[in-house]
Protein chains: 2
Amino acid sequence: MIRERPTLEAVARRAGVSRATVSRVVNGSTSVAASIREAVNRAVEELGYVPNQAARSLVTQRTESIALILPETANRVFSDDLFFPAIIRGVGGELEAADKQLVLMMAGSAKSHDRVERYAVAGHVDGVMFASMHGADPLPGTLVRLGIPVVCSGRPIGAAAVPYVDVDHFGGVCGAVRHLVTAGRRRIATIAGPQDMVAGIDRLAGYRATLEEAGLAQHVRIGDFTRESGMVAMRKLLDDDPALDAVFVASDMMAHGALTALKDAGRRVPGDVAVIGFDDFEISRYSEPPLTTVRQPIVEMGRTMARQLLGLINDEPHQPDAVVLPTELVIRETA
Amino acid sequence: MIRERPTLEAVARRAGVSRATVSRVVNGSTSVAASIREAVNRAVEELGYVPNQAARSLVTQRTESIALILPETANRVFSDDLFFPAIIRGVGGELEAADKQLVLMMAGSAKSHDRVERYAVAGHVDGVMFASMHGADPLPGTLVRLGIPVVCSGRPIGAAAVPYVDVDHFGGVCGAVRHLVTAGRRRIATIAGPQDMVAGIDRLAGYRATLEEAGLAQHVRIGDFTRESGMVAMRKLLDDDPALDAVFVASDMMAHGALTALKDAGRRVPGDVAVIGFDDFEISRYSEPPLTTVRQPIVEMGRTMARQLLGLINDEPHQPDAVVLPTELVIRETA
DNA sequence: GGCTCTCGCTTAACCGGTTAATCATAGGGG
DNA sequence: CCCCTATGATTAACCGGTTAAGCGAGAGCC
């Protein structure tokens, strides 16, 4: 059943040349006579030869594969979230085009965190990408110090100088909140994201800056980006200030939770309370009412990360340390 | 910057033993004296030795990694879909526990399809898992014939005898439709899934069988599992039979589309029309009204696939050719 | 005491490629 | 005609592990 896989040696014998020559042909070296190249290719074809990556990696020190680290345990990732799938989609497309393999790793527990480090350090991959992580994770910095190409999605917290790709959280939020102010809203609250993530911190900063600029009072509640936490936070905000007339919510998921809470509390949206989210997930086009939100180009982030990493790996010059992609206010019906 | 990675040789020198002995200690062989084992472990520790997987694979013919093939181009996967993320979650968790790596591959285009085959055949992975594919894809069968361990999610169409994990589509749908019948519904339509996928075919079969059994007329429209297609199909069904009083929708996404279409058409749910979906995605708990649906344990499917594949790889005996997981009717408010 | 057996380590072959160094051959110049 | 060079192939070393076979020493047995 298991057909013995032909080796370079076999191809060489069949083509009547040496291993080295076959290797050269397979790797597209130019200095091989056309007739020989022809013969080798025929032999490759006939035997169905495919090079053994392990053997190749052993000598080239390259694996042609790249890790994407998701900073949650496998059980939590993807539960309610549309962020990681989109990142994967962007990364995957770009790597496929470059003929690299995508190795997915979850790094939630301390144990798996360790595993990831060992894996990367062991040279199983040519480079590592981190998807938006929590807190000041030392791992990216560690890997960089070891000379492993790394790119993060989301500006890393902490001192480590790690290349990253992020979106303009601050600018996007400012635009959104200003939109509320311009529309005459005066009691504008926010449901912020976790304050151990840049996405949470920067979006809250944008809210604060804009309200300060407008001379309005701030009402803040913190969520964890889940729908459930959005509901809870919205209820608390309504307790805090029953007369609030707008809320900027730092993620679409939480915004959906907020919408539910508002409906339960008998508020009309946007009549009584305007709502703006952040993300622009697909589902937000279908919420009731359709959600006004700040679009961040997640797939594009994935693509950009991959491109940057590939650049680093091939050490192309002029690799920017950071790329910040623009966000865009998408106006639908909630504000 | 790039610290030279220590090799077995280096560890052996430091510990004052031979390469072979170090190898044995590293791989946990028992027949090594405690004192030597001690010394070797110390050397490993001090040097920060991590074995080189390429070298190891070369001789063991094992890569400790496993491919998950997603049968869409990277651009389409994950767009609106919550199925693949859940599969990944299940698979990822199980593989992590087994210390295997997950290699993600998209196989949409013919070109990438080829790439996947070459990759698997080249022995880059110890086994391959296919996530629900379209039509009668020959690839799984091909790989099986080459002796590569394969497991599919979703019973494969066609003759190939490939181990698979699936859910009880038919039974689940029968239960759901029977629920509608029992509730007194008499004009029960369905929005079926694509008829080139088992999930689409079997669910339609369940609908047909149950209605036949109940002696009721069948109204069928086909969608492609997207929300949009659900909306369109629902409108068509209402054209077909404005008086229909229930609809079984073969996926939650399409059900959400159908809900929108029903609302637009002025139908109350479940008053005028009862709706039952299939999947039980997270979002279905939050639709308006919350969706009654057939739950399929997607994460568990992923886990089971991974377990089966690991069993095959370690050629444990008694590997079932097929595992069919149960589905469960989750009654909320739409029926 | 000598023989055999066992235990535990070392030696060395091998996995399947890449590539630097080497060598054969044909062509060109003097 | 001979020597030199360019071209293009081959030889062989190496990547970093695993593991079968070999071997030395201590224990058990008669």
Side-chain angles (χ1 to χ4, degrees), chain A residues 2-44 47-65 118-119 121-126, chain B residues 2-44 47-65 118-119 121-126:
Chain A
I2 306 189
R3 189 177 66 198
E4 268 316 305
R5 305 189 17 63
T7 72
L8 247 205
E9 183 66 40
V11 175
R13 259 202 312 274
R14 180 167 195 116
V17 298
S18 72
R19 282 220 312 283
T21 301
V22 177
S23 175
R24 246 174 242 116
V25 171
V26 168
N27 293 315
S29 164
T30 50
S31 63
V32 176
S35 64
I36 298 256
R37 179 167 30 224
E38 188 72 12
V40 170
N41 280 330
R42 196 168 33 245
V44 165
L47 294 173
Y49 169 74
V50 187
N52 177 323
Q53 180 64 32
R56 189 177 264 176
S57 293
L58 185 55
V59 42
T60 59
Q61 308 283 23
R62 278 250 195 162
T63 64
E64 306 301 327
S65 59
R118 283 216 326 281
Y119 190 76
V121 170
H124 293 75
V125 286
D126 297 340
Chain B
I2 306 190
R3 189 177 66 199
E4 267 317 304
R5 300 183 11 63
T7 74
L8 249 204
E9 183 66 40
V11 176
R13 259 201 313 274
R14 181 167 197 117
V17 298
S18 73
R19 283 222 309 285
T21 300
V22 177
S23 175
R24 246 173 242 116
V25 171
V26 169
N27 293 313
S29 165
T30 50
S31 61
V32 176
S35 64
I36 298 256
R37 179 168 31 226
E38 188 71 11
V40 170
N41 280 330
R42 194 166 37 244
V44 165
L47 294 172
Y49 170 75
V50 187
N52 177 323
Q53 181 61 34
R56 188 177 264 176
S57 294
L58 184 55
V59 42
T60 59
Q61 309 284 20
R62 280 247 194 165
T63 64
E64 306 300 328
S65 59
R118 282 217 326 282
Y119 190 75
V121 171
H124 294 73
V125 287
D126 298 339

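Numbers restart at 1 for each chain; the letters A, B, ... are given by sequence-line order, proteins then strands.
Atoms CG (Asn52(B)) and P (dG17(C)) sit 16 Å apart, rounded to a whole Å. In this entry the distance linking CG of Leu58(B) with C1' of dT19(D) reads 14 Å, nearest Å. One interatomic measurement links the two molecules: CG of Leu47(B) to C1' of dG16(D), which rounds to 15 Å at whole-angstrom precision. For the pair Glu9(B) CD and dG17(D) P, the interatomic distance rounds to 10 Å; values are reported in whole Å. As rounded to whole Å, 19 Å separates atom P of dC15(D) from atom CZ of Arg56(B). Per the geometry, CZ belonging to Arg24(B) stands 13 Å off P belonging to dA21(D), to the nearest Å. Note: CZ (Arg62(B)) to P (dT18(D)) measures 14 Å, nearest angstrom.
The nucleotide whose nearest atom lies closest to any side-chain atom of Ala20(A) is, among dG16(D), dT19(C), dG17(C), dT19(C). With dT18(D), dG17(C), dA9(D) as the candidates, the nucleotide lying closest to the side chain of Val59(B) is dT18(D). Of the candidates dG16(C), dT18(D), dC9(C), the closest approach to any side-chain atom of Ile36(B) belongs to dC9(C). Each of dG17(D), dT18(C), dT10(D) was ranked by its minimum atom distance to the side chain of Tyr49(B); first place goes to dG17(D). You'll find that the side chain of Leu8(B) is closest to dG17(D), out of dG16(D), dA21(C), dG17(D).
Contact annotation: Asn27(A) side-chain N/O to dT18(C) OP1/OP2 distance is under 4.0 Å. The side chain of Ser23(B) contributes an N or O atom lying less than 4.0 Å from OP1 or OP2 of dT18(D). Using a 4.0 Å cut-off, some side-chain N or O of Thr21(B) falls inside it from OP1 or OP2 of dT10(C). Residue Thr7(A) places no side-chain N or O under 4.0 Å from the OP1 or OP2 atom of dG16(C). For dG16(D), the OP1/OP2 oxygens have a side-chain nitrogen or oxygen of Gln61(A) closer than 4.0 Å.
Across Val125(B) and Tyr119(B), no two heavy atoms sit closer than the pair CG1-CE2, 3.8 Å. Contact record, Asp126(A) with Glu64(A): OD2-N, 2.7 Å, taken as the closest heavy-atom pair. The two residues Arg118(B) and Val50(A) have their closest heavy-atom pair at O-CG1, 4.2 Å.
Note: Thr63(A) OG1 to Arg56(A) CZ = 12.5 Å, rounded to the nearest 0.5 Å.
Within 4.0 Å (heavy atoms only), Val26(B) reaches no atom of the nucleic acid at all.
Toward the 5' end of DNA chain C, the nearer of the two residues Ser35(B) and Ala55(B), judged by each one's closest nucleotide, is Ser35(B).
One donor-acceptor pair, N or O on each side, does fall under 3.5 Å between the base of dG17(C) and the side chain of Arg19(A).
For the side chain to side chain contact (heavy atoms under 4.5 Å, CB included) with Ser23(A), the qualifying choice from Leu8(A), Val11(A), Val40(A) is Leu8(A), the only one to do so.
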